[in-house]
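Letters A, B, ... are given to chains in the order of the sequence lines, protein chains preceding strands, and every chain is numbered from 1. Just so it is clear, the structure is predicted and the values come from calculations on it, not from any experiment.
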2 protein chains.
Amino acid sequence: MEAVMNLSRKEQVIRKAAELFREKGYAASSMRDLAQKLGIEAASLYSHIKSKEEILRSLCFDMAAEFRKSLEEVERQNVSASEKLRLGIIGHIGVMAKDLTASAVFMNEHRHLSGPYLRDFLLLRINYINRFKAIIEEGTKSGEFKENIDTKLSVMTLFSSLNWMPQWYNPDGKIDSINIGQQLSDMLVNGLKKQNAQ
Amino acid sequence: MEAVMNLSRKEQVIRKAAELFREKGYAASSMRDLAQKLGIEAASLYSHIKSKEEILRSLCFDMAAEFRKSLEEVERQNVSASEKLRLGIIGHIGVMAKDLTASAVFMNEHRHLSGPYLRDFLLLRINYINRFKAIIEEGTKSGEFKENIDTKLSVMTLFSSLNWMPQWYNPDGKIDSINIGQQLSDMLVNGLKKQNAQ
DNA sequence: GGTAATGGCTAACGGATGTTAGTGTAAAGC
DNA sequence: GCTTTACACTAACATCCGTTAGCCATTACC
């Protein structure tokens with residue numbers, strides 16, 4: 001039963017690390033800081049994790065897997081492009097809302113992954129983005145979306161909006177994550193302006 | 001004439017530092033790294049700057065001043081809210097495009113400012129955001145924008161989209177910054193969907 | 001031509017960093 | 001009851017960090 005009980009404490013370490021990395025950034029967070037948050041000595045951390053970077057890796061790649069899973073579900077649905085986009089946005093927001101701390105780390109700190117890990121991460125990311133791009137292109141071809149939009153610009157704007165959510169969203173506030181997803185997708189798809197206005 | 005000639009070399013240092021901070025992040029960038037980029041020794045940097053943080057400060061606050069100036073010009077114009085928003089967006093993009101490197105640092109590294117400087121910075125930022133928020137509210141009241149939108153969500157989405165531009169925009173590509181500003185404001189104000197569609 | 005300023009150097013500081021080695025101890029499993 | 005496992009400890013390592021002190025060469029100014 002080693003592995004199972006291991007997870008409990010190891011995940012506790014990773015969770016606290018996520019909080020720390022989010023607050024101060026990966027590079028500015030020391031293992032001694034992390035140990036202090038857990039009430040132990042820095043050296044004791046190494047009973048649970050192999051290195052500082054291993055923590056970052058598990059945070060980044062676990063989140064990446066969640067995003068991928070969410071998008072795959074959406075892609076399976078047989079609906080219009082704009083509806084697919086809407087569901088994709090809501091799904092993405094949902095994944096983030098489940099762990100805002102890890103999401104923030106995923107977004108802001110992944111660049112501190114070393115060499116091959118960074119490469120793998122960026123490949124996953126490009127793939128994810130391209131699948132959203134494909135949905136937008138589908139909508140352009142089907143005539144749902146404007147034909148003169150720049151797809152790259154659109155998809156980047158989309159991700160910018162989504163990915164910064166963890167930085168300002170307060171989960172204890174009056175607006176919940178599903179609501180955010182709805183409004184955000186409406187805003188991006190329909191815009192701020194009234195449809196009947198000029 | 002000390003100050004004038006000083007600027008030249010000092011600004012050279014700051015510019016290289018901006019590149020470094022952008023690539024590796026402030027905390028992960030060492031003064032020895034920076035010195036190497038300039039072909040000098042780390043200790044020699046201190047003939048030009050007082051500290052590492054002074055560099056970050058000048059980068060952050062100089063950009064903040066540029067943004068403020070741009071917005072003030074827009075606010076002076078006597079036009080509709082949606083036009084004001086459009087001009088504000090284009091102005092913001094324009095300021096970023098003038099120095100993408102400093103913009104990226106401004107956005108991602110400001111949190112490493114210490115104590116009172118961080119506080120001042122955040123106050124400037126909140127003020128800037130609130131002035132955009134006021135434009136959106138103006139548009140909602142005047143009936144140009146939908147009345148059921150969440151202003152905070154809208155303005156945060158707006159800034160997310162704007163602020164991530166330095167991360168993906170390639171100034172050597174075929175799409176120039178004015179074009180980006182135009183398209184971005186169109187996308188946020190009018191949405192992706194055709195106005196006559198469903 | 002003397003003087004000041006500019007921009008660089010070497011050497012060194014005190015402290016923080018990630019990590020390893022080796023040890024102890026309380027609980028869990030056979 | 002013995003052994004393993006989980007989890008903590010202390011001590012220490014080599015290296016990197018930002019920064020200071022003091023010195024030297026070249027250029028600009030009066």
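Among the nucleotides C:dC9, C:dT19, D:dA8, the one closest to any side-chain atom of A:Ala42 is C:dT19. Here the nucleotide nearest the side chain of B:Ala43, chosen from C:dG7, C:dT19, C:dT10, is C:dT10. In this structure, of C:dG18, D:dC17, C:dG8, it is D:dC17 that holds the atom nearest to the side chain of B:Arg32. Comparing D:dC17, D:dA8, C:dT19 by their closest approach to the side chain of A:His48 singles out D:dA8.
Residue A:Arg9 has a polar side-chain atom (N or O) positioned under 4.0 Å from OP1 or OP2 of D:dA8. OP1 or OP2 of C:dC9 has at least one side-chain nitrogen or oxygen of B:Ser44 nearer than 4.0 Å.
A:Lys52 places a side-chain N or O within 3.5 Å of a backbone atom of A:Ser29 that can act as its donor or acceptor partner. In this structure, the side chain of B:Glu144 engages the main chain of B:Ala81 through a donor-acceptor pair within 3.5 Å. Of the possible polar contacts, none joining the A:Ser70 side chain to the A:Glu66 backbone as a donor-acceptor pair under 3.5 Å is found. At least one donor-acceptor pair closer than 3.5 Å links the side chain of B:Asp33 to the backbone N or O of B:Ser30. A donor-acceptor pair under 3.5 Å links the side-chain atoms of A:Glu53 to the main chain of A:Ser114, judged by distance alone. Looking only at distances, no side-chain donor or acceptor of B:Tyr26 sits under 3.5 Å from a matching main-chain atom of B:Val105. Looking only at distances, no side-chain donor or acceptor of B:Tyr117 sits under 3.5 Å from a matching main-chain atom of B:Glu54.
From one end of the helix from C:dG1-D:dC30 to C:dC30-D:dG1 to the other, with five pairs defining each end axis, the axis direction shifts by 20° (rounded to 10°).
We find that CD of A:Gln36 is positioned 11 Å from P of C:dT17, with the value rounded to whole Å. If you measure from atom CG of A:Leu45 to atom P of C:dT20, you get 12 Å, rounded to the nearest angstrom. In this structure, A:Leu38 atom CG and D:dC9 atom C1' are separated by 15 Å, rounded to whole Å. Separating the CD atom of A:Glu41 from the P atom of D:dA12 is a distance of 15 Å, rounded to the nearest angstrom. The distance between atom CD of B:Glu11 and atom P of C:dT6, rounded to the nearest whole Å, is 15 Å. We find that CD1 of B:Ile49 is positioned 13 Å from P of C:dG7, with the value rounded to whole Å. Spacing between atom NZ of A:Lys52 and atom C1' of C:dT17 amounts to 8 Å, rounded to whole angstrom units. Rounding to whole angstrom units, CD1 of residue A:Ile55 and P of C:dG18 are separated by 10 Å.
Relative orientation of the A:Phe106 and A:Phe67 rings is tilted, given thresholds of 30° and 60° on the angle between their planes.
Within residues 21-31 of chain B, the residues having any heavy atom closer than 4.0 Å to DNA chain D are, in order of number, B:Ser29, B:Ser30, B:Met31.
Smallest separation of non-hydrogen atoms from A:Ile14 and A:Ser58: CD1-OG, 3.4 Å.
Comparing A:Asp33 and A:Lys50 along DNA chain C, the residue whose closest nucleotide (by nearest heavy atom) sits nearer the 5' end is A:Asp33.
Salt bridge annotation for B:Glu72-B:Arg68: present, with a cationic side-chain nitrogen under 4.0 angstrom from a carboxylate oxygen.
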